[in-house]
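None of these values were measured; they are calculated from a predicted model. We name chains A, B, ... by the order of the sequence lines, and we start the count at 1 in each one.
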Amino acid sequence: MWVAVVSAGGTGGLLRELDAAGKPAGPVEAAPELGAAVARWERAGPPRWVLTAVAQEYPSLLDAGVRLDRCHDLLLTEALLLGHAGRWGAPRSLAAAWARLSGGVVPDDPVPASRQLQPALFEPAAAGMPAGVDPLQAVTAVYADQRRRMAALAPAGRMRLLAAAESACALAAVEMGRVGMPWRADAHDALLSELLGPRPVAGARPPRLAELAERISAAFGGRPVNPDSPADVLRAFAREGIALASTRSYLLREVEHPAVPALLAYKELSRLHTAHGWNWLETWVHEGRFRPEYVVGGVVTGRWASRGGGALQIPRTVRRAVVADPGWVLVVADAGQLEPRVLAALSGDIAMAEAAGVDDLYEGLAERAFGGDRARAKLALLSAMYGGATGGAAELLAILHQRFPVAMAHVEAAARAGEEGRLVRSHLGRTCPPPGQRWREAQAVAGGPGADAEAERAAVQRGRERGRFTRNFIIQGTAAEWALILLATLRQRLAGTDAELVFFQHDEVIVHCRRELAEEVTEAVTGAAEAARRLMFGDTPVRFPVRVAVAERYSDAK
DNA sequence: AGACGTTGCGCC
DNA sequence: AAAGGGCGCAACGTCT
């Protein structure tokens, strides 16, 4: 059963039941309290809600105490469908989708919230509709149209699966942002004090950093050098006759100079202080929880992004501040070697699938093609997926081509498509954006009159960059889909328990639950991974093992 | 002072 | 022959 819903400003809204094709199948229900009306439908047997944008509309429903079970997010789906049609930049608001359907003038999308002074958080998602157009009618019509567009795509059902997973994950993302990750401010503060010294007054360097800065200046002969300024550091090395392209750690490590150890230590601690220090703690952790905002579909490949707090880049060191509540545990699950497994399944390469049928895929590859040398097998496969071939990787790639021709042809075809400016798609149909301006300009100049060798080189260079992007896109995008389905399935399986989904990062998920529930949750995760494998790839022999650890601290889960 | 691009590094 | 994917964030440095 499907029910379309729009908020009408304030607490009110409109609802209407739809049939399977998205056609109205009941009267319009005007609800003065939308939350209460939605809750009634949920209790009566949860429908699939058709709504404009979960990210905008779900928070106020949660405020009203309503949890949605299933939904279809029109804006997320519109983005997928426009992308598939090669229309990445097209406006995707409800008003724009409606205008395309009805032949009206397509309005530009509103300015992204992050660029606005006052984010329009509480504006109904259906806002911006032209006067005289019923937003409920627009929602209904756009939904029916999206059903048609999805059904017209081959292979059948894949885009529907992707839209369903993306929509379900949009619900999960809002819920996770609300619940937050258990975070012990005292443990975090203890860690900072241990590594940086006592907290300094605002603006001052922590004691350990101040000491290191002095040692650095001393190593350069006593003349003050600001380690926070790469330009200053480069100048200091230049004065000593050492030319450096940049101050990146991996370059510094190769330099023989008394300042280097202190500089490396400074960089590491400074990073901790500025990115996840006391300021971060005060800004992002409240009442024992870190509450980031997740952005579903925020990355072109379909990975999530996050806004604020760097939720997807939490350094390993601070994970010891992530501690379960008393009597509760963290069930930490991550999919090992997800991307190479995805390549094996996606390409249908039987030999690679067999190698991926064991717990350690790289070991499987090594046995079959690299004389048991796991490190070389890993380097080879990473080069194939990312497009790199530094050092001796070219020879390793040749081995892969010989032993796994189907998989290699798959990634090479994606790379060629990219170099030629064509689009590639993930397994379920998420489509890469078209080439950017730099690519187009480089190709135009190289193909035009008066093109010189320099222009040719630039065009080849841009082509390769684009090829590396599309080569990786099909794998990263498909891996992201597998993870979306796992998360959506896991959310379903945890519904009705008091277990909390608290973290999701590309191929890793954390559930916070009572200790007694840990075993059940573990089974739910492994079951969800298996469901994701089946829904994506049917009866592929490729395994997608999930490593599950039950721990009180995140840092103990590895 | 604020916008913007660059640098460098954290995560996958 | 050569070819290293995707992000967010903070600080610096330059420009306006």
Side-chain angles (χ1 to χ4, degrees), chain A residues 114-115 117 203 205 226-234 244-252 263-264 266-277 279-280 283-284 292-295 297-319 334-340 342-343 379-398 411-412 414-416 418-419 424 426 430 432-433 457 460-480 483 503-509 554:
Chain A
S114 61
R115 288 179 167 271
L117 289 173
R205 277 197 178 112
N226 176 11
D228 289 323
S229 165
D232 207 23
V233 174
L234 288 183
L244 280 172
S246 80
T247 65
R248 292 195 151 88
S249 302
Y250 65 82
L251 290 177
L252 286 181
L263 262 173
L264 291 172
Y266 184 93
K267 277 173 175 290
E268 195 177 330
L269 290 178
S270 169
R271 170 87 196 165
L272 173 68
H273 177 237
T274 56
H276 288 92
N279 285 341
W280 183 92
T283 307
W284 292 106
E293 184 185 352
Y294 294 102
V295 185
V299 178
V300 292
T301 56
R303 280 183 173 180
W304 288 14
S306 65
R307 236 187 327 250
L312 302 181
Q313 296 102 236
I314 299 168
R316 284 184 140 46
T317 47
V318 307
R319 294 183 183 180
D334 80 296
Q337 306 167 335
L338 178 58
E339 295 198 347
V342 159
L343 170 58
L379 180 62
L381 200 51
L382 292 178
S383 298
M385 294 190 302
Y386 293 151
T390 48
E395 157 196 350
L396 302 180
L397 282 177
V411 288
E412 291 303 327
R416 289 295 92 73
E419 288 172 9
V424 297
S426 67
R430 193 186 305 269
C432 73
R457 264 197 301 280
V460 169
Q461 170 74 16
R462 296 287 166 250
R464 282 183 190 144
E465 284 172 10
R466 176 78 186 166
R468 286 195 296 276
F469 168 60
T470 50
R471 172 196 296 270
N472 185 248
F473 182 94
I474 58 169
I475 299 171
Q476 191 183 120
T478 304
F503 189 59
F504 174 65
Q505 182 188 40
H506 312 316
D507 61 359
E508 178 175 355
V509 61
Y554 189 12

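Counting non-hydrogen atoms under 4.0 angstrom, A:R319 reaches the backbone sugars and phosphates but no base. Within the 4.0 angstrom heavy-atom criterion, only backbone atoms of the sugar-phosphate kind lie near A:R468; the bases stay farther away.
Checking the phosphate oxygens (OP1, OP2) of B:dG8, no side-chain nitrogen or oxygen of A:K267 falls inside 4.0 Å. OP1 or OP2 of B:dG8 sits under 4.0 Å from a side-chain N or O of A:R248. For B:dC12, one of the phosphate oxygens OP1 or OP2 lies less than 4.0 angstrom from a side-chain nitrogen or oxygen of A:R316. The side chain of A:T301 contributes no N or O atom lying less than 4.0 Å from OP1 or OP2 of C:dG5.
Listed nucleotides B:dG8, C:dG5, B:dC12 differ in distance to A:H506; the shortest reach to its side chain belongs to B:dC12. Distance from the side chain of A:V300 is smallest for C:dC7 among the nucleotides B:dG10, C:dG5, C:dC7.
Atom-to-atom, CG of A:N472 to C1' of C:dC7 comes out at 12 Å; the value is rounded to the nearest Å. Here the P atom of nucleotide C:dG5 and the CD1 atom of A:I474 are 15 Å apart, to the nearest Å. Per the geometry, CD1 belonging to A:I475 stands 16 Å off P belonging to C:dG4, to the nearest Å. Taking atom CD on A:E412 and atom P on C:dA3, their separation rounds to 15 Å, with Å as the unit. A straight line from CD of A:E395 to P of C:dA3 spans 16 Å, rounded to a whole angstrom. Atoms CZ (A:F504) and P (C:dC7) sit 16 Å apart, rounded to a whole Å.
One donor-acceptor pair, N or O on each side, does fall under 3.5 Å between the base of B:dC12 and the side chain of A:R303.
A:D507 places no side-chain N or O within donor-acceptor distance of the main-chain N or O of A:L338, the cut-off being under 3.5 Å.
Taking atom C1' on both nucleotides, C:dG4 is separated from B:dC12 by 15 Å, rounded to a whole Å.
Residues A:R462 and A:E465 are paired through a salt bridge, judged by an N-O separation under 4.0 Å between the basic side chain and the carboxylate.
The aromatic rings of A:F469 and A:F473 lie perpendicular to each other, with more than 60° between the two planes, well past the 30° mark.
Stacking between A:Y386 and C:dG5 is shown: the ring centroid lies under 5.5 Å from the centre of the six-membered base ring, and the planes differ by under 30°.
Between A:Q313 and A:Q505 there is no side-chain heavy-atom pair separated by less than 4.5 Å. A heavy-atom distance below 4.5 Å is found between the side chains of A:R205 and A:D228.
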>> Generate the contact string for nucleotides 8-16 of chain C. Rules: B means base contact, S means sugar-phosphate contact only, - means no protein heavy atom under 4.0 Å.
In response: BSSSSS---

